[in-house]
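Keep in mind that what you see is a predicted model, and the values were worked out from it rather than measured.
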Amino acid sequence: MAALFTLLYALLLYTAHYVQARPTSQNVQPHEFGQPHPQAVAASSCFPAVGFSMPSAPPADTTNWWCDPSTEYAFVGFSYEVTACQSAQQLQKEFADIRSRFKSRYVRLYGACDNDGFYDDIVDAAWSNGLGVHALVWFGFDGDDVWKTRRDTLFAALHANKKAKFVTRVVQFGSEPLYDDVLPHQQLAEQVTLAKANLSSLSIPVTVSELAYGYQERDGAQDVLDAIDSVNIHMLPFFDQNASTANASWPIVLKSLDFFIKNGGGKKMYFDENGWPSVTSSSVQPNSPNAVSDVPNERAYYELLDSKCEYLKAVEGGGVGWFAHIYSDDMEPGYGIYDSSGHLKFPFQPRTSC
């Protein structure tokens, strides 16, 4: 994440605004996340609703399988870094914790593991524990083309694994390919379009995981916003030049959100790389002298989002669902809900509905 925290980010990032949302019509699965259908499936009878009972085997197809996007607001789950190439056993254990302890509906993958068969382990752990997955084509920060191999490997797994389309809610290109200058926005939009065509038979939508500023510094990159199926937003108000304490950060959040409301075409929205650090480091430095990084402020940021549940629910396109970035400090120091010793840093039971 070091690339996020330059002075340029400080000065310009949160001149951005975020929003998205589209609905889903009855018996139609993505690409369109779509507007809520008046006969939307009851939340407890669809995947991955809290309380949904997994079948013993996948159904014939995804008709009426996914919950309507209008139910996917409030807390939806965790970012989960996979750079450590966790074993199948660890994935099962931690996905069970994510689902049962925190009532999560999703994990949003972060980083990359290039081991053969790793995404099959993700699918197995997600299926076993009733979790959906926001999968990721990870570009990294080295400026190489390894992302193309990762893309092709992921797409092959999605086609080959019979359970994959039943747990993979969306495929993201990320993290921050616009802000990090991985591809010109025209080429990124083309990649999204090609991915949608590749995955169309599986009804798996495609998006980009990005900052508002990543779009804004490229004159809005409207071609990318038009191409993606949902808007997956990086929301990191600690780095705003006006940041102070977490409980005072709502205007910063709204400023970013507004960009996507104005330019996102009413598509479904998620805050995916979303959080407030409890410590700083060489790569995590504030851009405001008043920004406070400690555990009480990390906790306060999530409590702020939880207190805005009704507001986020009402955003066009089915409301805003938010992830906590990230599951453990072992994955990214200072951002975890768990510390590096495996202890909760603070009580964490945000609402999943309101």
- Message: With a 6.0 Å cut-off on the ring centroids, do F95 and Y80 count as close?
- Response: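 Centroid separation for F95 and Y80: below 6.0 Å.
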
- Query: Would Y270 and W322 count as a close aromatic pair, with their ring centres under 6.0 Å?
  - Reply: no

Is there a donor-acceptor pair under 3.5 Å between the side chain of [X] and the backbone N or O of [Y]?
X	Y	value
W276	T245	no
W138	R150	no
Q285	S281	yes
R169	V133	no
T83	G111	no
E210	L178	yes
S249	I252	no
S288	N290	yes
N297	A246	yes

Does any part of the side chain of [Y], heavy atoms only, come nearer than 4.5 Å to the side chain of [X], both counted from C-beta?
X	Y	result
P55	W127	yes
D180	F139	no
Q172	D272	yes
L199	H159	yes
L183	F173	no

- Worked verdict on Y338 versus D330 for side-chain hydrogen bond (donor to acceptor under 3.5 Å, both in side chains): CA-CA 8 Å; Y338 285 105; D330 283 337; over 6 Å; no

- Message: Q92 vs N129, test: side-chain hydrogen bond (donor to acceptor under 3.5 Å, both in side chains). Steps then yes/no.
- Response: CA-CA 8 Å; Q92 289 284 353; N129 293 288; 3.3 Å; yes

- Check each of D223, V208, D219 against H185 using the side-chain contact (heavy atoms from CB on, under 4.5 Å) test, and report the only one that passes. D223

- Task: I would like to know whether V167 and L131 meet side chain to side chain contact (heavy atoms under 4.5 Å, CB included); could you show each step before the answer?
- Result: CA-CA 7 Å; V167 299; L131 281 172; over 6 Å; no

Please round to the nearest 0.5 Å and tell me the distance separating atom [atom1] of [X] and atom [atom2] of [Y].
X	Y	atom1	atom2	result
E72	W66	CD	CH2	8.0 Å
F166	N161	CZ	CG	10.5 Å
T71	K313	OG1	NZ	10.5 Å
R218	L188	CZ	CG	9.5 Å
Y119	D124	OH	CG	11.0 Å
S175	E81	OG	CD	10.5 Å

- Task: Verify side-chain hydrogen bond (donor to acceptor under 3.5 Å, both in side chains) between Y335 and S79, making sure each step is shown before the conclusion.
- Result: CA-CA 10 Å; Y335 282 94; S79 287; over 6 Å; no

- Check step by step if side chain to side chain contact (heavy atoms under 4.5 Å, CB included) holds for W250 and L305. CA-CA 8 Å; W250 185 241; L305 293 182; 4.2 Å; yes

Result block: side-chain N/O donor-acceptor pairs under 3.5 angstrom for residues 345-354, not counting sequence neighbours:
{"unit_1": "K345", "atom_1": "NZ", "unit_2": "S278", "atom_2": "OG", "d": "3.0"}
{"unit_1": "K345", "atom_1": "NZ", "unit_2": "E298", "atom_2": "OE1", "d": "2.8"}
{"unit_1": "K345", "atom_1": "NZ", "unit_2": "D329", "atom_2": "OD1", "d": "3.2"}
{"unit_1": "K345", "atom_1": "NZ", "unit_2": "D329", "atom_2": "OD2", "d": "3.3"}
{"unit_1": "K345", "atom_1": "NZ", "unit_2": "G334", "atom_2": "O", "d": "3.2"}
{"unit_1": "K345", "atom_1": "NZ", "unit_2": "G336", "atom_2": "O", "d": "2.9"}
{"unit_1": "Q349", "atom_1": "NE2", "unit_2": "R101", "atom_2": "O", "d": "2.9"}
{"unit_1": "R351", "atom_1": "NH1", "unit_2": "E310", "atom_2": "OE2", "d": "3.1"}
{"unit_1": "R351", "atom_1": "NH2", "unit_2": "D306", "atom_2": "O", "d": "2.6"}

- Message: Tell me which one of H234, E273, H134 satisfies side-chain hydrogen bond (donor to acceptor under 3.5 Å, both in side chains) with S209.
- Response: H234

- Item | F78, F323, F75 screened by ring pair (Phe, Tyr, Trp, His ring centres under 6.0 Å) with F102, the one that passes | F78

- Message: Other residues, nucleotides and ligands only: do more than 12 of their heavy atoms fall within 6.0 Å of CG on D116?
- Response: no

